[in-house]
2 protein chains.
Amino acid sequence: MARLPVYLRSLSELATAGSSTTSSDVLAERSGVNAAKVRKDLSYLGTHGTRGVGYDVRHLIFEVSRALGVANTWPVVVCGLGNLGRALANHTGFTERGFPVVAAIDVNPALIGMTVDGVPVHSPDRLADVVADHDVAIGVIATPPGAAQDTADRLVAAGVRSILDFSSTVLSVPDHVEVRAVDLSTELQILGFHLQRDLPADRSPRSLA
Amino acid sequence: MARLPVYLRSLSELATAGSSTTSSDVLAERSGVNAAKVRKDLSYLGTHGTRGVGYDVRHLIFEVSRALGVANTWPVVVCGLGNLGRALANHTGFTERGFPVVAAIDVNPALIGMTVDGVPVHSPDRLADVVADHDVAIGVIATPPGAAQDTADRLVAAGVRSILDFSSTVLSVPDHVEVRAVDLSTELQILGFHLQRDLPADRSPRSLA
DNA sequence: CGGAACTCGTGATCCGATTCACAAGCGGGG
DNA sequence: CCCCGCTTGTGAATCGGATCACGAGTTCCG
Ligand SMILES: NC(=O)c1ccc[n+]([C@@H]2O[C@H](COP(=O)([O-])OP(=O)(O)OC[C@H]3O[C@@H](n4cnc5c(N)ncnc54)[C@H](O)[C@@H]3O)[C@@H](O)[C@H]2O)c1
Ligand SMILES: NC(=O)c1ccc[n+]([C@@H]2O[C@H](COP(=O)([O-])OP(=O)(O)OC[C@H]3O[C@@H](n4cnc5c(N)ncnc54)[C@H](O)[C@@H]3O)[C@@H](O)[C@H]2O)c1
């Protein structure tokens with residue numbers, strides 16, 4: 001479930017706030033979801049809440065962490081070290097959560113061979129070696145849209161089975177590869193869509209009548 | 001619908017590729033969705049496809065653009081000009097799509113008053129003025145998590161009704177304000193979750209039996 | 001010890017989104 | 001002029017997630 005990370009964050013906050021036990025109501029409030037949903041989600045992990053009392057925060061953190069595989073670390077390679085790629089490579093939060101950025105890939109000759117924010121930059125030709133050397137599990141695509149499919153193909157060929165794509169393109173990959181797309185322009189367009197819908201008065205064609 | 005921007009991109013590609021007409025099948029293929037879904041979505045816009053022929057690409061671009069309100073421009077203010085905020089402010093694609101970044105907000109005294117990538121930086125105290133002066137419609141939160149709720153409150157108080165939040169927090173805002181959250185750590189954790197699930201052999205506790 | 005108050009687990013229900021399936025409309029060719 | 005193949009539009013069926021509702025277990029107090 002996509003909500004587990006949110007629960008984990010809420011639980012961590014509760015733990016540092018000193019709570020040793022909590023209820024599905026509190027957790028739901030903190031996570032911005034329905035209480036029944038929380039209980040159902042947690043029951044999927046073969047949960048161990050106590051009726052009449054609630055959940056043990058520490059134990060629940062352990063369970064959710066295990067389900068998410070937080071104990072594992074999954075090395076990441078960032079492809080395309082432009083505005084966005086640099087921000088990602090420079091972000092310390094990823095390493096803390098088990099996703100160290102171990103290398104970057106770029107076509108820019110001025111970058112290849114350099115180390116940016118502690119991350120070594122390689123040519124796309126060396127992608128397979130980089131993946132093998134560092135046991136890379138996840139590829140991030142932050143290249144221009146035109147280079148995205150080629151980059152995805154190279155990642156797949158190198159054995160990467162998880163891709164996070166920022167490039168605003170529809171990638172085609174084999175079935176066994178999972179792609180998650182994050183498209184910021186689309187997010188803004190959705191917000192704009194609703195803004196427009198809420199102000200139909202002077203913008204709809206009907207206002208001419 | 002959240003798919004309209006994807007259709008619009010596919011249609012633009014088809015237009016520049018020289019197609020003057022297209023079918024729901026082609027559009028579905030390009031957009032990575034089901035053909036029936038494409039037809040149903042388009043029928044919501046009071047569509048004008050021709051049976052036996054397909055859709056007129058130019059006309060459909062016009063219809064989808066109108067539905068999305070692409071003609072409008074929605075000025076954006078970026079709050080928190082760190083790694084991520086800078087990448088967003090520097091991105092040219094937003095302005096092209098009608099989302100110009102007209103100002104940035106930061107607490108860092110070294111930034112306030114400066115112009116970064118053509119974007120003037122203001123103190124949080126001046127947020128209300130900035131919103132009023134530039135008719136800001138959308139606020140982007142790229143501050144550290146601890147400052148996110150406060151920033152959201154200021155945005156709402158200034159009259160902003162759409163927020164794009166990168167801060168990995170659950171914001172509480174009035175009902176009439178729309179929040180879209182983009183959490184990159186969560187995206188990575190979801191990928192990690194599936195990676196782990198696909199390799200249960202030597203990681204599950206049961207392998208000890 | 002009994003009962004009241006609380007909270008979890010979960011079967012049943014609901015609801016919107018997706019998919020299916022096919023009739024209706026269009027164009028082109030004979 | 002008619003028929004055949006193609007594609008849309010859309011009611012019907014399906015699916016999956018969200019929500020409801022309630023039985024069951026726990027604590028605590030009198
Ligand atoms: N910056 C943002 O805020 C933002 C917002 C929304 C979407 N995006 C998308 O993210 C992607 C990257 O954005 P950006 O602003 O960082 O762009 P950018 O132009 O700043 O950086 C692109 C980088 O990719 C490198 N590159 C080009 N071809 C490559 C290849 N084949 N292999 C590896 N590297 C290659 C370039 O050398 C450059 O360093 C784009 O697709 C853009 O549409 C960015
Ligand atoms: N950089 C990434 O790739 C990345 C990835 C995932 C999540 N995030 C999240 O995005 C947010 C920003 O990340 P970042 O890497 O840009 O952080 P950053 O530390 O580089 O930048 C934060 C900026 O916000 C400013 N700021 C602090 N308090 C503020 C306030 N009250 N009002 C306005 N500005 C304020 C700081 O001066 C700084 O310039 C964080 O919440 C982070 O968790 C970032």
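Just so we're clear, the structure is a prediction, and the values are computed from it rather than from any experiment. Chain identifiers are assigned alphabetically (A, B, ...) following the order of the sequence lines, protein sequences preceding nucleic acid strands; residue numbering begins at 1 within each chain.
- DNA chain D lies under 4.0 Å from at least one heavy atom of each of the following residues of residues 19-31 of chain B: Ser23(B), Ser24(B).
- The distance from atom NE2 of His48(A) to atom P of dG9(C) is 9 Å, rounded to the nearest whole Å.
- Across the protein-nucleic acid pair, Leu42(A) atom CG and dC8(C) atom C1' stand 10 Å apart, rounded to whole Å.
- Comparing Ala36(B) and Tyr44(B), the nucleotide of DNA chain C nearest to each residue sits closer to the 5' end for Tyr44(B).
- Between Asp165(A) and Ser167(A), the side chains place a donor N or O and an acceptor N or O closer than 3.5 Å (distance only, hydrogens not considered).
- Whole-Å rounding puts the Tyr55(B) OH to dG27(C) C1' distance at 17 Å.
- Here the P atom of nucleotide dT8(D) and the CG atom of Asp41(B) are 13 Å apart, to the nearest Å.
- When rounded to the nearest whole Å, the span between CZ of Arg51(B) and C1' of dT8(D) equals 5 Å.
- Taking atom NZ on Lys40(A) and atom P on dC8(C), their separation rounds to 15 Å, with Å as the unit.
- Between the side chain of Glu178(A) and the main chain of Leu191(B), no donor-acceptor pair closer than 3.5 Å is present.
- One can place CZ of Arg39(B) at 14 Å from C1' of dG25(C), the figure rounded to the nearest angstrom.
- Look at NZ on Lys37(A): it is 17 Å from P on dA21(D), rounded to the nearest Å.
- Proximity of a side-chain donor or acceptor of Asn90(A) to a complementary backbone N or O of Asp117(A) within less than 3.5 Å is not detected.
- Using modelled atom types, one side-chain atom of Ser123(B) and one backbone atom of Asp125(B) make a donor-acceptor pair closer than 3.5 Å.
- Between Asn34(B) and dC20(C), a side-chain N or O to OP1/OP2 separation shorter than 4.0 Å is present.
- The two residues Gln196(B) and Trp74(A) have their closest heavy-atom pair at N-CZ2, 3.9 Å.
- The closest donor-acceptor contact from the side chain of Arg9(A) to the backbone of Ser168(B) lies under 3.5 Å.
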